[in-house]
There are 4 protein chains.
Amino acid sequence: MRIGVLTGGGDCPGLNAVIRSVVRTAATQYGSEVIGFRDGWRGLLEDRSTPLDVAAVDGLLTRGGTTLGSARVAPEKLDAGLDTMRRTLDRHGVDVLVPIGGEGTLTAAHLLSEAGVPVVGVPKTIDNDIDGTDLTFGFDTAVSIATDLIDRLHTTAESHQRVLLVEVMGRHAGWIALHAGLAAGAHLTLVPEEPFDVDDVVRLVTERFARGDSHVIGVVAEGAHPLPGQMAFREGGVDEFGHRRFTGVAQQLGEELERRTGKEVRATVLGHVQRGGTPTSFDRVLATRFGLHAAIAAHEGHRGQMVALRGTDIDLVPLARAVARLKTVPASRLRELHAFTG
Amino acid sequence: MRIGVLTGGGDCPGLNAVIRSVVRTAATQYGSEVIGFRDGWRGLLEDRSTPLDVAAVDGLLTRGGTTLGSARVAPEKLDAGLDTMRRTLDRHGVDVLVPIGGEGTLTAAHLLSEAGVPVVGVPKTIDNDIDGTDLTFGFDTAVSIATDLIDRLHTTAESHQRVLLVEVMGRHAGWIALHAGLAAGAHLTLVPEEPFDVDDVVRLVTERFARGDSHVIGVVAEGAHPLPGQMAFREGGVDEFGHRRFTGVAQQLGEELERRTGKEVRATVLGHVQRGGTPTSFDRVLATRFGLHAAIAAHEGHRGQMVALRGTDIDLVPLARAVARLKTVPASRLRELHAFTG
Amino acid sequence: MRIGVLTGGGDCPGLNAVIRSVVRTAATQYGSEVIGFRDGWRGLLEDRSTPLDVAAVDGLLTRGGTTLGSARVAPEKLDAGLDTMRRTLDRHGVDVLVPIGGEGTLTAAHLLSEAGVPVVGVPKTIDNDIDGTDLTFGFDTAVSIATDLIDRLHTTAESHQRVLLVEVMGRHAGWIALHAGLAAGAHLTLVPEEPFDVDDVVRLVTERFARGDSHVIGVVAEGAHPLPGQMAFREGGVDEFGHRRFTGVAQQLGEELERRTGKEVRATVLGHVQRGGTPTSFDRVLATRFGLHAAIAAHEGHRGQMVALRGTDIDLVPLARAVARLKTVPASRLRELHAFTG
Amino acid sequence: MRIGVLTGGGDCPGLNAVIRSVVRTAATQYGSEVIGFRDGWRGLLEDRSTPLDVAAVDGLLTRGGTTLGSARVAPEKLDAGLDTMRRTLDRHGVDVLVPIGGEGTLTAAHLLSEAGVPVVGVPKTIDNDIDGTDLTFGFDTAVSIATDLIDRLHTTAESHQRVLLVEVMGRHAGWIALHAGLAAGAHLTLVPEEPFDVDDVVRLVTERFARGDSHVIGVVAEGAHPLPGQMAFREGGVDEFGHRRFTGVAQQLGEELERRTGKEVRATVLGHVQRGGTPTSFDRVLATRFGLHAAIAAHEGHRGQMVALRGTDIDLVPLARAVARLKTVPASRLRELHAFTG
């Protein structure tokens, strides 16, 4: 059998570990071949590929990024290119395609699958917002990096009696903010799922200092936003891929808080450092198991599915389900969070 | 309401985070009080306690160890002390006891519960071998530390063309070895669940060097052991608490391999460093959620139960179930592991 | 003897380690007392203090920030407050004052010393720009954090074929950029000591991609700036303490590069995370030795001096020398850097 | 010009960074070629080599180990092989040899140099015991790893009221123990330079617990040993390379302490994890500067010298001086250490 692999979308620790695992499983368990397509769907659109054998993936387990490269392709280009991509796959004798990617990549994978291309997907999202799987690789690494950095900010905020707002990733879902906020003991965590009331935030800050607390650490998902009409909030709009644009919410809120509380406020945007570098052990295991089970599924004839974590098992779920809706933080988890606010 | 808390058994990153979470939840969500008993069951046997309010648990989220102390108590002493412990609880007006501990602690908790003491348990085990919960806090930290250290050993083994055997925790269950072995890309992983065949290990080492590979990294759970009769293996026996004793299996296997393959072999025992220090973000979140839900369960009248992770939810499971058997690595996970051996 | 201690200026990992070391040395080696003044010079101006004994500094070695707090005070307020500060010291029976701080704090210390107050200073600067000492604590931690984060950005830049500009601390001196640039293998490092030629930077970026390199990592000190007249560069000016203001140079240069090279460019500002959290082992040792030798110097009657690292020894240098000029990166070190550009 | 490079002795983080730096400097600054010899002196004895260009050293900056391999060769073999090695160098047209290694490697380098071979050495020692240089790369990484791990052990010792003895590297010199002991706040640090008095250690342990302290952390260099006649201490003797053999001093002392104090004592040997993996930023900068200046010295005609750190500068010192004696911890640094004992 011949398996095609590609990686789409933004960077995510564990992509290389999935590639390695697919290649090793195909080669050592089934004697199959793997071909990698470069720069996401572009590799199929422009027919750029590279053979992947066990030697080629040596050392990839611990390395961040993706050795196949990645690029964002606008949805309409994908729609228009379905036939081209199918021809590329045929030309290379690919029996099953294993696209590793996020919402956009899996939506395209679903389209290809509906059009008859044999596909087994692997979900990838730093933000943990793909439905149908308990968790995705990269998320634990992002939370871990954010937590380490927020741990560092605590002592500075404490020594200088400041409010520190840390903006973490999460445009549509607040998973990173939720976990990093709990893990780092933030006094306030703002997520896109629940518009924040600026008056409440002002009150929380004022009350903490009033009762002698030395500082306030707030974790703010980049997609968080105030209740309509508050703070003269500047919206970022939506980009060509349908992604919410950067609003600098922490900076905007920081200026408002400084104005209204008289306290020194600093906003820090963690940005790209959350996406790169070696994966945590958790993500390496998850990525390795995803790759292993994707290769097994490919060989066992499953199609139109995606690997997924359910409890401690790796299962298959239909691509259709995975792309039907975004997995946001449910109300029960927000209630947990509120128990640690203030 | 008044909640009693104690921590039992060996050290485990996240214990303090659970204590903090129980105290904060009880205080801020229910206006309840918490009293901590010192050094595990000994605190109940000898009536040594300390009040725990929100100020007392400040800063505990990130700190390893347990501010309440811990001590191992022989099972027969616990049996004999049931009445004493119950009297201590009565004396302090404790409505529910929340013991945080491993197999031994939860067995005692189950006994107390059967004897009518209101108990909500929190499972704790570095080794991840408590049944009824997907995972326990501390395990991710242990795997993470082991993986970081094995990453470091790779380059030395490679530069000096050595076999390096790394002994990790896991006397009865190989979870840490399984995960660290996968995460660090070990060429060989030995677990207690599956006695190893020394001839196979010799063959794997010989074949790797024969085909030009520079080194071999083996991860060995401390409870791993060879097939009966092989290697003149010296068993460690069982200690007073029923725990399998240290056998130095990596050292024993290393000497055998050096003798039979002629290669330079080094054995490293990671030991206590796997148990201490600040928890990973994953374990801080899990410990915090365990503490939160234990406090909620205590207030909602659940008894004889233990909090447990099921998928992404925190559930309750009967203590009886948790202590009925040890959770060892199932055959399906061992098959996954074998795909990455060699 | 009675020693007064205060910490001034911005946060810096190792401040607490110095405090602990002064207190332990004074108490255990000389039987002396230590009193801490809160929030830098403000503690002397407003007479806010706290006694510091060995128990009070327990656990401070590994903790970031400063338990005494810190605050910036405008130079003219310090000048006007000399008598007030002297009276506070007399009121508390302080025999020697040990101010721990940067250029501003040491300048004030020098004034006090000239006015007859017994002073032994400890230099503190994240930026490593205090003259008279080889290195200062906090610098290694800042470089270490920056290097870890740039390591992470490498893989993302590589996978997405980007130019990544990382802005690190250093308004007047480029030490952090120099060291982090060398340590992280940056292809380009820009420092305040040497205005950069935008045309050269454009050429370097273009040439790297032209010869097939996958990405460019540039490390930019926040005080770096282009040759006069280039890029329509917006200067930040100078704040009330005489400190150069934030210009967002990485962001400005990034926009220029994107415009002129057509490549995707991202700018990341590391910011406060470089200043906080637990010090590296290097900085803990240096801070501990600084505190030890400051306490020894205080007891041996040295005055108007500051502790300093010279090779592997801790020496004393006159405060007058330390504040006479800023220690910037010399030409020889810039030449070293240029060998690794491109 | 053609430069030969080899790496000798035990593993040390930064070896690859030196190789990369020599190659890049030679290629980009002088247009020279570099050839690498494999497995230390063996590469010269058995004529095994590999060309090293800029592409070959890509990515080496951050990687532990040595891409050239290393092996220990007994001194008498080196003596006998001088002519063979010289012929190998001639055969490959090597103008200058740059051996990177410790005491053994530099002694051989000195012999070669005396015999007329053009040599510029680079000192390498985890233990920091080479004379003539303030510091060597690898040392900071070893101290940093040891400190991180001892930080972790603190909380376990505290929670379980134990004595924890941590054995670190340092057979002849106690630099790692000195720095890690200071950095991790050990209550006791034992080094080879000063035989310890077991009675004093027993007293320190007893007194700490007597005054209510929760635990004792001792850092023990592997070459530490008791006063003659104490503890029935089993010496390890000396191996074929003249190196002191492993005595398991922490384990031996631990058993003695347990017997005499009645406290629970655990001994942990950190071992090889101190030697491997990515270098700290400090060591990356030092290794890079060593390689740069070795290449410059080679091109400027310096011979029989070794690069060395003096303050913040890289200097040259005669190989003869570097190998004349071992650099042990001086009395002044031991006095500093004693201020933090107990």
Side-chain angles (χ1 to χ4, degrees), chain A residues 17 20-21 24-25 28-29 58-62 128 134-135 140-148 150-151 154 178-185 213 278-289 291-293 295-296 309-314 327 330 332-333 335-336 338-342, chain B residues 17 20-21 24-25 28-29 58-62 128 134-135 140-148 150-151 154 178-185 213 278-289 291-293 295-296 309-314 327 330 332-333 335-336 338-342:
Chain A
R20 167 186 176 268
S21 180
R24 284 188 61 123
T25 306
T28 68
Q29 307 295 303
D58 189 41
L60 284 195
L61 174 58
T62 62
N128 193 35
D134 282 0
L135 286 170
D140 185 65
T141 304
V143 171
S144 169
I145 296 168
T147 302
D148 281 358
I150 303 169
D151 278 358
H154 260 293
L178 171 74
H179 279 241
L182 280 178
D213 285 319
T278 195
T280 58
S281 50
F282 184 95
D283 282 336
R284 294 187 198 175
V285 171
L286 185 55
T288 297
R289 296 182 74 198
L292 170 74
H293 285 276
I296 292 173
L309 179 70
R310 295 276 186 90
T312 59
D313 293 326
I314 309 297
K327 182 182 71 180
S332 60
R333 298 300 301 275
R335 274 195 303 276
E336 288 185 15
H338 296 161
F340 293 93
T341 297
Chain B
R20 166 185 177 269
S21 179
R24 284 188 60 123
T25 307
T28 67
Q29 306 296 302
D58 189 41
L60 284 195
L61 174 59
T62 61
N128 193 35
D134 283 359
L135 285 170
D140 185 65
T141 304
V143 171
S144 170
I145 296 168
T147 301
D148 281 359
I150 302 170
D151 278 358
H154 260 292
L178 171 75
H179 279 241
L182 281 177
D213 284 319
T278 194
T280 58
S281 51
F282 184 95
D283 282 335
R284 294 187 197 174
V285 172
L286 184 55
T288 297
R289 297 182 73 200
L292 171 73
H293 286 275
I296 293 174
L309 180 69
R310 297 275 186 92
T312 59
D313 293 326
I314 309 296
K327 183 181 69 179
S332 61
R333 297 301 301 274
R335 275 196 302 276
E336 290 185 14
H338 296 160
F340 293 92
T341 297

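The model shown is predicted, which means the values in this text are computed figures rather than measured ones. To find a chain, count down the sequence lines: A is the first, B the second, and so on, and within it residues start at 1.
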>> Under 4.5 Å from any heavy atom of chain B, what part of Thr278(A) do you find: side chain, backbone, both or neither?
In response: neither
> Can you find a pair of side-chain heavy atoms, one from Thr288(B) and one from Phe340(A), that are under 4.5 Å apart?
Replying inline: yes
>> With chain A as the partner, which of Ala17(B), Ser332(B), Ala287(B), Ser144(B) has the greatest number of non-hydrogen pairs under 4.5 Å?
In response: Ser144(B)
>> Which atoms of Asp148(A) are under 4.5 Å from chain B, going by heavy atoms: the side chain, the backbone, both sets, or neither?
In response: neither
>> Please give me the minimum heavy-atom distance between Leu292(A) and Ala339(B), naming the atom from each residue.
In response: CD1-CB, 3.8 Å
> Do you know which of Asp283(A), Asp140(A), Leu309(A) has the most heavy-atom pairs with chain B at a distance under 4.5 angstrom?
Replying inline: Asp140(A)
>> Out of Thr25(B), Leu286(B), Leu61(B), Asp58(B), return the one with the most heavy atom pairs under 4.5 angstrom to chain A.
In response: Leu61(B)
>> Would you say that Asp151(A) contacts Thr62(B) through its side chain, given a criterion of any heavy-atom pair below 4.5 Å between the two side chains?
In response: yes
> Do the side chains of Arg333(A) and Arg289(B) get nearer than 4.5 Å, heavy atoms only?
Replying inline: yes
> Just how far is it from atom CZ of Phe282(A) to atom OG1 of Thr141(B), taken to the nearest 0.5 Å?
Replying inline: 12.5 Å
> Side chain, backbone, both or neither: which part of Asp313(B) has a non-hydrogen atom closer than 4.5 Å to chain A?
Replying inline: neither
> Considering only heavy atoms, which portion of His293(A) lies under 4.5 Å from any heavy atom of chain B: side chain, backbone, both, or neither?
Replying inline: side chain
>> So for Arg24(A), is it side chain, backbone, both, or neither that comes closer than 4.5 Å to the heavy atoms of chain B?
In response: side chain
>> I'd like to know which of Arg310(A), Arg20(A), His154(A), Gln29(A) tops the heavy-atom pair count under 4.5 Å against chain B.
In response: Gln29(A)
> Checking Glu336(A) against chain B: side chain, backbone, both or neither under 4.5 Å from a heavy atom?
Replying inline: both
> Checking Thr312(A) against chain B: side chain, backbone, both or neither under 4.5 Å from a heavy atom?
Replying inline: both
> In terms of heavy-atom pairs under 4.5 Å, which option from Leu182(B), Thr147(B), Asp134(B), Ile296(B) contacts chain A the most?
Replying inline: Asp134(B)
> Heavy-atom distance under 4.5 Å between the side chains of His179(A) and Arg284(B), does that happen here?
Replying inline: no
> So which heavy atom on Val285(A) is nearest to which on Ala183(B), and how close?
Replying inline: CG2-CB, 4.0 Å
